[in-house]
Every structure is written in C-alpha cells, then in structure tokens.
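As structure tokens, the structure follows; a few thoughts come after it.
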Amino acid sequence: MSRSIPAPTTTVIDSLLFRDAFGTPAMRAIFSDHALIRRFIEVEIALAKAEAACGVIPADAAEQIAARCDFEALDFDLLRQETDTVGYPILPLVHQLVKQCGEAGRYVHWGATTQDIMDTANVLQIRAGLDLVAADVDALRTILADLSRRHRDTPMAGRTHLQQALPVTFGYKTAIWLAALDRHAERLAQVRPRVLVGSFAGAAGTLASLGEHGLPVQEALCRELGLGLPVSTWHVARDGFAEVVNLLALLTGSLGKIALDVMIMASTEFAEVYEPFVTGRGASSTMPQKRNPISSELMLAAAKGVRQQAGLMLDAMVQDFERATGPWHAEWLAIPESFVLTAGALHQAKFALGGLIVDEAQMRRNLGISRGLIVAEAAMMALAPHTGRSQAHDLVYAACRVVNEQGGTLAEALADVPGVTAHFDRAAIDHLTDPANYLGAAPQMVDRVLAAVPRRR
C-alpha cells in the first residue's frame with residue numbers, strides 16, 4: 001500500500017519533523033492561513049452588520065453578506081495567485097466575496113481599507129493566542145508553586161559566576177522562577193486593553209468615506225467583534241503589536257533562564273535535577289548512556305527565536321506618514337512565529353518542570369564538596385562581634401587557605417585557630433560550618449512569593 005508524501009515545508013514552525021517540538025497544534029491553528037482568511041471574512045461580515053446598524057447599508061444586504069460569505073467556497077489557488085499579484089490578500093478576497101453575495105456584494109468592504117481588515121483580523125488572532133499563552137502560564141505557575149512548597153527547605157549550593165557562593169534552597173530557586181512568571185501573568189492581563197482594539201479608519205485614517213457615520217460605524221464594528229474602541233487611528237502607530245511580541249520575548253526569556261539552569265544542573269558533574277524520563281527521549285545515536293535535556297534545549301532555542309522577532313517588531317514601528325511603505329509587512333513574519341514559538345516553549349516547560357526529578361541527596365553532597373568553605377562568611381560574621389569584622393575576616397581567610405593548600409575541612413582548620421577557639425568550642429564551630437544552618441531568609445522568601453498572589457493547590 002503506497003502512502004502519499006507530505007507536502008514539503010521549509011521552517012520548524014510547519015515542519016513535519018519539528019513542528020511539535022517548537023510549537024503546538026492549538027497555536028498553529030490560530031495562526032494558520034485558513035484561520036487568518038476566516039478572520040478576514042469575520043471582520044468583513046461584522047463590518048456589514050455594523051454599517052447596517054448605523055444605517056449606512058441596507059439591513060437585508062448585511063444579512064445576505066453574513067449568510068453567503070463562505071470560506072469553503074473560496075478558490076484558494078486564485079486567491080493565492082491574485083495575492084501574489086496585488087501584494088495583499090484583501091482585494092482578491094473581496095473579489096470572491098462580492099461574487100458570493102450577489103446583489104448584496106456591492107456593499108462588501110464598504111468604506112474600509114485593506115489594513116483595517118488585516119489589522120483587525122490580526123487582533124482577533126492575537127486575542128486567541130494570548131488566551132492560550134495565559135492559560136499555559138497559569139499552569140506553569142501552579143507547577144512552580146508546587147515545586148517551591150515541596151523544596152522550601154531543601155538545601156543546595158547557590159552559585160555566582162558558576163562558582164559555589166552560599167547555600168540556598170531549591171525552593172528558593174524555583175520561587176524566583178515563579179515570581180517572574182507571576183509578573184508575566186500580570187503583564188498579559190495588562191496588555192489586553194491596550195492591544196485588543198479594532199482598526200477601522202479608512203484610506204488615510206480619517207474615515208472620510210463614511211462622513212458623519214464614520215465614528216459610529218467604528219464603534220459598532222468594535223462592539224460586534226468584542227474589541228476595544230481605539231482612541232485614535234493606529235495604522236502607523238504599531239506600539240501595541242510591538243508590545244505583545246516583546247512581552248512574549250520577556251516570557252520566553254524567563255523560560256530560557258529556567259532552561260539554562262536546568263541544563264547545567266542536569267550535567268554529569270552537577271547531577272542535581274533531571275527532566276522526566278521517557279524511553280528514548282534525549283538519547284544519543286552513538287552514546288547509549290546519554291540522557292540529554294531536550295525540553296530545556298528547545299525552550300532556550302525558542303527564547304532566542306522570539307528575541308529576534310521582538311527586535312524586528314521594534315524596527316517595524318518606524319513607519320512613514322499615514323500609511324507605511326513596508327515595515328508593516330515585517331509584522332506578518334514576526335507575530336505568528338513569536339506566538340507559535342512561545343506556545344512551544346511553554347509546552348516544553350510544563351513537561352520538563354511538571355515531572356522534574358530532584359535529587360536532594362546529590363544537592364547535599366554538592367554542598368559538601370567545598371569542605372565547608374561555602375559558609376566561610378557564616379564563620380566570619382559569627383566571629384566578628386568578638387574580634388571586629390576585619391580581624392575575623394583575616395582569621396577565617398587564613399583558615400580557608402589551610403583547607404585549600406593542606407586539605408581537611410573548614411571546621412578542622414578553624415578548630416586550630418586560637419583566635420576562634422577562644423570564643424567557640426568545637427560543637428559551635430561544627431554548627432557554624434554546616435551549610436544547612438546558613439540559609440538566611442531563603443525559606444521565608446519562598447513563603448513570600450507563594451503568598452504574593454492567590455494560588456491553586
């Protein structure tokens with residue numbers, strides 16, 4: 001039995017091989033060609049209804065337009081060919097819709113311009129895309145909150161410049177990740193009223209073609225589509241769309257940071273966390289022992305991709321006069337890819353963190369590899385009230401050199417220093433140099449993050 005060969009693709013967004021690694025079916029569906037064309041038709045129908053409500057076109061014409069505009073009846077080959085010729089899809093689409101609507105066709109696209117329809121359709125896509133992103137962010141926040149509660153008091157080495165610095169807890173680390181996601185959730189809510197507004201302003205943005213009916217039709221159209229009413233024409237004021245994509249870049253940037261931490265912590269030398277085990281996932285073609293952190297790698301790649309598109313959206317803000325000569329087109333590249341990559345990164349994050357394997361024993365072992373040096377500050381600060389900070393620093397510094405040059409532990413070295421033993425017996429020294437006793441406010445900071453916003457449990 002022969003099987004048909006899938007149509008060739010050229011990007012990971014649509015690739016038969018990679019599309020579910022870098023995106024999700026739900027987000028691809030929102031930004032597919034078919035979905036976009038359906039949105040164009042939705043806006044054209046809503047416009048006819050709005051104009052009928054305002055007495056601009058006959059009510060029966062609007063009814064016919066709503067009933068007869070048919071996505072399934074479109075000639076897509078013709079639409080593609082004419083779009084290639086015209087440079088935009090709306091005029092070719094309107095040609096076909098006019099024919100579908102018969103006598104009522106004369107009122108299709110009445111008083112509108114191409115960008116009105118395309119921008120408003122894009123807003124409808126963005127609204128649906130933001131809904132998916134927000135739901136995934138909420139799910140990921142729940143996962144991180146659970147990790148933070150569970151590991152509130154799990155000690156591990158905190159690292160600065162990739163060197164062991166001071167003890168922290170794993171819950172403290174995940175709470176920092178969580179706090180960032182909380183802020184992104186807030187941003188996602190705040191961006192909606194600024195961006196989810198309709199665009200209907202006519203050729204030069206003045207609604208001149210509709211005369212006194214222009215602003216009432218604009219308001220009725222936005223109401224029909226459930227969108228906000230713009231205070232001014234935004235044909236060349238692209239800060240809203242740029243804000244959305246740059247917000248996605250912030251979000252995926254945070255996911256990239258999480259991914260980098262997980263990848264390093266999963267390395268053989270650290271061995272503190274692992275992505276969930278799935279047979280064959282992360283396997284090497286030549287090294288059977290390998291268990292590569294694939295989800296984290298994909299999250300990091302997506303973050304880099306969205307960051308590039310964020311820059312493109314900022315560039316596309318620089319537009320000439322009342323209608324642009326080209327920057328607008330760059331958005332067609334950046335917006336769909338940014339949403340799909342963000343959805344993919346969130347999907348990978350939910351998988352990796354939802355089943356994250358945390359090796360608490362290995363974290364404790366890693367805390368011990370410095371032989372107590374990781375809490376040299378604790379010994380210094382305890383000694384300082386007795387000797388003064390400067391002398392305490394010098395005494396502990398000398399003990400650290402003994403450990404580095406001769407071996408042993410910091411506790412043993414301090415126990416040989418008269419300036420220390422004059423104030424602390426061996427039990428006190430052992431207590432001071434136990435990393436688990438120098439966590440600072442890390443557990444309380446976890447509590448504060450968890451209490452900052454309402455949480456599902």
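All values below come from the heavy atoms of this structure, side chains included, with hydrogens, waters and symmetry mates left out.
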Query raised in the report: In terms of ring plane angle, is the pair Trp110 and Tyr107 parallel, tilted or perpendicular, where the classes change at 30° and 60°?
Result: tilted
Query raised in the report: Where does the angle between the aromatic ring planes of Tyr88 and His329 fall among parallel (under 30°), tilted (30 to 60°) and perpendicular (over 60°)?
Result: tilted
What I want to check is whether the side chains of [X] and [Y] have a donor and an acceptor closer together than 3.5 Å.
X	Y	value
Trp234	Asp119	no
Ser254	His184	yes
Gln115	Ser199	no
Gln362	Arg365	yes
Ser148	Thr174	yes
Gln444	Asp447	no

Can you tell me if [X] has over 12 outside heavy atoms packed within less than 6.0 Å of its [atom1]?
X	atom1	value
Phe22	CZ	yes
Leu17	CG	yes
Phe18	CZ	no
Arg389	CZ	no
Asp33	CG	no

Got a donor-acceptor contact below 3.5 angstrom from the [X] side chain to the [Y] backbone?
X	Y	value
Arg152	Leu147	no
Asp239	Met317	no
Gln96	Asp75	yes
Thr120	Ile117	no
Thr206	Gly202	no
Asp116	Ala112	no
Glu337	Val306	no
Thr233	His235	no
Asn292	Ile294	no

Query raised in the report: Which one of Met156, His151, Met265, Arg150 satisfies the side-chain contact (heavy atoms from CB on, under 4.5 Å) criterion with Val358?
Result: His151
Ionic contact status for [Y] with [X], cut-off 4.0 Å:
X	Y	answer
Asp20	Arg28	yes
Arg183	Glu186	no
Arg141	Asp146	no
Glu272	Arg159	yes
Glu44	Lys49	no

Query raised in the report: Are Asp84 and Gln81 close enough, and set up right, to give a side chain to side chain donor-acceptor pair (under 3.5 Å), and what steps lead you there?
Result: CA-CA 5 Å; Asp84 189 44; Gln81 292 166 11; over 6 Å; no
Query raised in the report: Mind checking whether Val195 and Val123 have side chains closer than 4.5 Å, heavy atoms only?
Result: no
Query raised in the report: Step by step, would you call Val217 with Phe200 a side chain to side chain contact (heavy atoms under 4.5 Å, CB included)?
Result: CA-CA 9 Å; Val217 168; Phe200 180 70; 3.6 Å; yes
Query raised in the report: Do His34 and Phe76 make the cut of ring centroids closer than 6.0 angstrom?
Result: yes
Query raised in the report: For the side-chain hydrogen bond (donor to acceptor under 3.5 Å, both in side chains) test, which of Arg238, Arg194, Arg187 pairs with Glu243?
Result: Arg194
